[in-house]
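Structure first, then comments.
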Amino acid sequence: MNRYRSHNCNELRKKDVGNDVLLSGWINKKRDHGNLLFIDLRDNYGITQCIIDKKNTQFNDLEKVQLETVIKINGEVVNRSTETINKEIDTGEIEVSIKSYEILGTCKELPLPVFSDQEYSEEIRLKYRFLDLRRKKIHENILLRSKVISFIRNEMIKMGFLEFQTPILTSSSPEGARDFLVPSRLNPGKFYALPQAPQQFKQLIMVSGFDKYFQIAPCFRDEDARADRSPGEFYQLDLEMSFVEQEEIFKVVEKLLLNTFKKFSNKKIITDKFPKISYSDALLKYGTDKPDLRNPLIINDITEIFSRDDVSFDIFKKLVKSGSKVRCIVTKNTQDKPRSFFDNIDKWAKEQGASGLAYFTFEKGISAKGPIGKFFSRDALMEIMKKTNAKIGDSIFLACNSKIELEKITSLARDKIAQDLDLIDNNTFAFCWIVDYPMYERDVISKKIKFSHNPFSMPQGNLNEINFEKPLDILAYQYDIVCNGIELSSGAIRNHIPELMYKLFSIAGYNKDEVNKKFSGMINALSYGAPPHGGIAPGIERIVMLLANEKNIREITMFPMNQNAQDLMMNAPSEISENQLKELNLYLNVKK
RNA sequence: GGGGGUGUAGCUCAGUUGGUUAGAGCGAUCGCCUGUCACGCGAUAGGUCGAGGGUUCGAGUCCCUUCACUCCCGCCA
């Protein structure tokens, strides 16, 4: 028999009444009645109420033991009378009458209470993370994360994927995020980098003939934190497949995500087949490439209306003449909303740095009510209604600006208006694919052509017919998966043809030598018989956050760093000894 | 690198237009209480009001500087 426990703290039931048991755990809560003491004993599995009274010689000692002390209890399982049954806990029908106890681990005065629903400052939570992690909510989040990861691993194996590990110490990559660097003792002056993602390795695994790979892969990027982005490290479900087209990857990911979300959440999933939206459509209809499809509002372009003679809204007309566009959002059945509803949105838009949102409401007999209504003829209004699917009683919000500025403000306005009208169902998941990303874009500042996303992506179309003279028109087999407005991952069919890769890189301003040097491992491997292949890498934390309904990534991470990338519990990063520096051939030149 | 928010007891917070000795709940300590499950009741201890400087007869409160935490922008192929 185990020396510490015969049962865990969530195991005992009515059938155990009369038995002698051993329980070990933390003192979650004491209720001291002077001559009678209740102790809630807690472990990973649950809580069992234990009870002791004055007749027991150990009563006076146990009465004084601190919360969160780890104790072992020897006692008898006894029935609770009907009035004292606690339905909140699984063991609520019984309690353990303490015969003796023993302290296994003492506890100092607590810097933060464990038994409490209060919020605490991040600083204290992170410094005493081991205490914080005992608390119910976050303890359950971490358990959920563990279950989600093993479920995903299982599903992947069931689908015939092989799990491989790839190096943690690798080479610095020239593109993308800042690398974390590790000095090499054996190679003075040289550095390893921690992988930002196993991108090149997973492609090499395909070239090595393994066909289907996955890994719950740690990724390291030295970039600033956000609420949904840890500084430093995060995990991806990294996967790659050979001899596939985009659709087959979609199938695998849809199946995996549906199974995972159905298993771990009761929320409704809007469509089992994820809709596909082209990148350009997404920017037009939602103003962003990560639309929240729970939100029914759609953005329309009605620029043409403002070149009509029977529209006299001169501010917009003038702007349209000089190249601006007009986009709008129609809200259903809002004719009875008070003036303040519209004005608040206009005011809000101004606070966002836009020049405001013009608005009016379509009324019976086709007229427009609102400050700018008088500038539109009946015909013009009918045309707008046709273009936007608006009906009598609907309202319309309009903005006029450059394409980029319009996307920004209409995307924000879409969220804001939906919130104000309470149009978003928080009890659903809405997935979609964003497809047909452009291969290149023009850098806003330098005006140079650059890769818009992954330079290793395969361009679309017949490879002999691609017009390299018009690089901005080239689309890539590149895709994102989005859920409730959160980007879960991006992926692509990879370019496995070295000559094509040189060509694509040359458009972005890299010559052959540079490509050879920067991506030597990859480009070399692709020249020895590479299979067509592609993949994707959903973010594990993003998935768990959606399932746990948490906005902050630290709520689903065991030992996160703070915003300044410090681990307050382990004191990382820390200074190192002179000897260590010397061995690594490093000297410090820290600016104060 | 830039912008916003927060910082008062071990923890969570209140603190009025600048005005006496800075308060509450939880926790701690001590006492009372045999059916609680946020047990109850009474008492006690506990404060560099993040730090430094300034204005003022007088600063938790106003001003400046600075530090910490956090949210956002930049950044994250």
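Lettering follows sequence order; numbering is per chain, from 1.
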Find the distance [X]:[atom1] to [N]:[atom2] and express it as a whole number of Å.
X: A:D228; N: B:U70; atom1: CG; atom2: P; value: 15 Å
X: A:E109; N: B:C26; atom1: CD; atom2: C1'; value: 12 Å
X: A:Y120; N: B:C11; atom1: OH; atom2: P; value: 11 Å
X: A:I553; N: B:C71; atom1: CD1; atom2: P; value: 11 Å
X: A:E63; N: B:C39; atom1: CD; atom2: P; value: 15 Å
X: A:L37; N: B:G35; atom1: CG; atom2: P; value: 13 Å
X: A:D117; N: B:C26; atom1: CG; atom2: P; value: 16 Å
X: A:M561; N: B:C69; atom1: CE; atom2: P; value: 13 Å

Partner lookup for [N], please. Criteria are Watson-Crick or G-U wobble with both distances under 3.5 angstrom; report none if nothing qualifies.
N: B:G46; answer: none
N: B:G1; answer: B:C73
N: B:U21; answer: none
N: B:A9; answer: none
N: B:C62; answer: B:G54

Assess whether one donor atom and one acceptor atom, taken from the side chain of [X] and the base of [N], lie less than 3.5 Å apart.
X: A:E123; N: B:U70; answer: no
X: A:Q118; N: B:G27; answer: no
X: A:R229; N: B:C75; answer: yes
X: A:R80; N: B:C37; answer: yes

When the [atom1] atoms of [N] and [M] are considered, how many whole Å apart are they?
N: B:U56; M: B:G18; atom1: P; value: 16 Å
N: B:U12; M: B:G4; atom1: P; value: 25 Å
N: B:C39; M: B:C33; atom1: C1'; value: 11 Å
N: B:A9; M: B:U17; atom1: C1'; value: 28 Å
N: B:C26; M: B:U21; atom1: P; value: 28 Å
N: B:G27; M: B:G3; atom1: C1'; value: 38 Å
N: B:C64; M: B:U20; atom1: C1'; value: 29 Å

Base of B:C39 and ring of A:H33 stacked, centres under 5.5 Å, planes under 30°: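 So yes, this residue stacks on that base, both cut-offs being met.
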From the options [options], select the nucleotide whose nearest atom is closest to the side chain of [X].
X: A:F115; options: B:A38, B:C76, B:U70; value: B:A38
X: A:P113; options: B:C11, B:C69, B:C37; value: B:C11
X: A:Q566; options: B:C69, B:C75, B:C37; value: B:C69

Does [X] place a side-chain N or O at less than 4.0 Å from the phosphate oxygens OP1/OP2 of [N]?
X: A:N552; N: B:C71; value: yes
X: A:K551; N: B:C72; value: no
X: A:K29; N: B:C39; value: yes
X: A:R31; N: B:C39; value: yes
X: A:Q563; N: B:C71; value: yes

Exam field: side chain A:R178 to backbone A:R221, donor-acceptor pair closer than 3.5 Å: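 No, A:R178 side chain to A:R221 backbone: no donor-acceptor pair under 3.5 Å.
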Base, sugar-phosphate or nothing for [X]? Non-hydrogen atoms, less than 4.0 Å.
X: A:Q49; answer: base
X: A:R125; answer: nothing
X: A:E119; answer: sugar-phosphate
X: A:L110; answer: sugar-phosphate
X: A:N564; answer: sugar-phosphate
X: A:I124; answer: sugar-phosphate
X: A:N86; answer: base
X: A:K55; answer: base
X: A:T84; answer: base

Between [X] and [Y], does any side-chain N to carboxylate O distance fall below 4.0 Å?
X: A:K136; Y: A:D117; value: no
X: A:D132; Y: A:R135; value: yes
X: A:E405; Y: A:K408; value: yes
X: A:R125; Y: A:E555; value: yes
X: A:K30; Y: A:D32; value: no

Find every protein N or O atom lying less than 3.5 Å from an N or O atom of nucleotides 4-9 of chain B, and list the pairs.
none

Distance-only donor-acceptor pairs under 3.5 Å for side chains of residues 520-527 of chain A, two or more places apart:
residue: A:S527; atom: OG; partner: A:I523; partner atom: O; Å: 2.7
residue: A:S527; atom: OG; partner: A:N524; partner atom: O; Å: 2.9

From CA spacing to verdict: side-chain contact (heavy atoms from CB on, under 4.5 Å), A:L110, A:L112: CA-CA 5 Å; A:L110 294 166; A:L112 65 98; over 6 Å; no
Geometric class of the A:F505/A:F519 ring pair [parallel <30°, tilted 30-60°, perpendicular >60°]: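 The arrangement is tilted - the two ring planes meet at 30° to 60°.
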Identified side-chain hydrogen bond (donor to acceptor under 3.5 Å, both in side chains) partner of A:R494 from the options A:H533, A:Q478, A:Q203, A:E240: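 That would be A:E240; it is the only one of A:H533, A:Q478, A:Q203, A:E240 passing the side-chain hydrogen bond (donor to acceptor under 3.5 Å, both in side chains) with A:R494.
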Residue closer to the 5' end of RNA chain B, A:L568 versus A:F456 (nearest nucleotide):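 That would be A:L568.
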Residue whose closest nucleotide on RNA chain B lies nearer the 5' end, A:P455 versus A:P111: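 Final value for this comparison: A:P111.
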Inter- and intrachain pairs under ring pair (Phe, Tyr, Trp, His ring centres under 6.0 Å), touching residues 9-60 of chain A, at least two apart: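 Checked against ring pair (Phe, Tyr, Trp, His ring centres under 6.0 Å) - neighbours excluded - the pairs reaching residues 9-60 of chain A are A:H33-A:F38.
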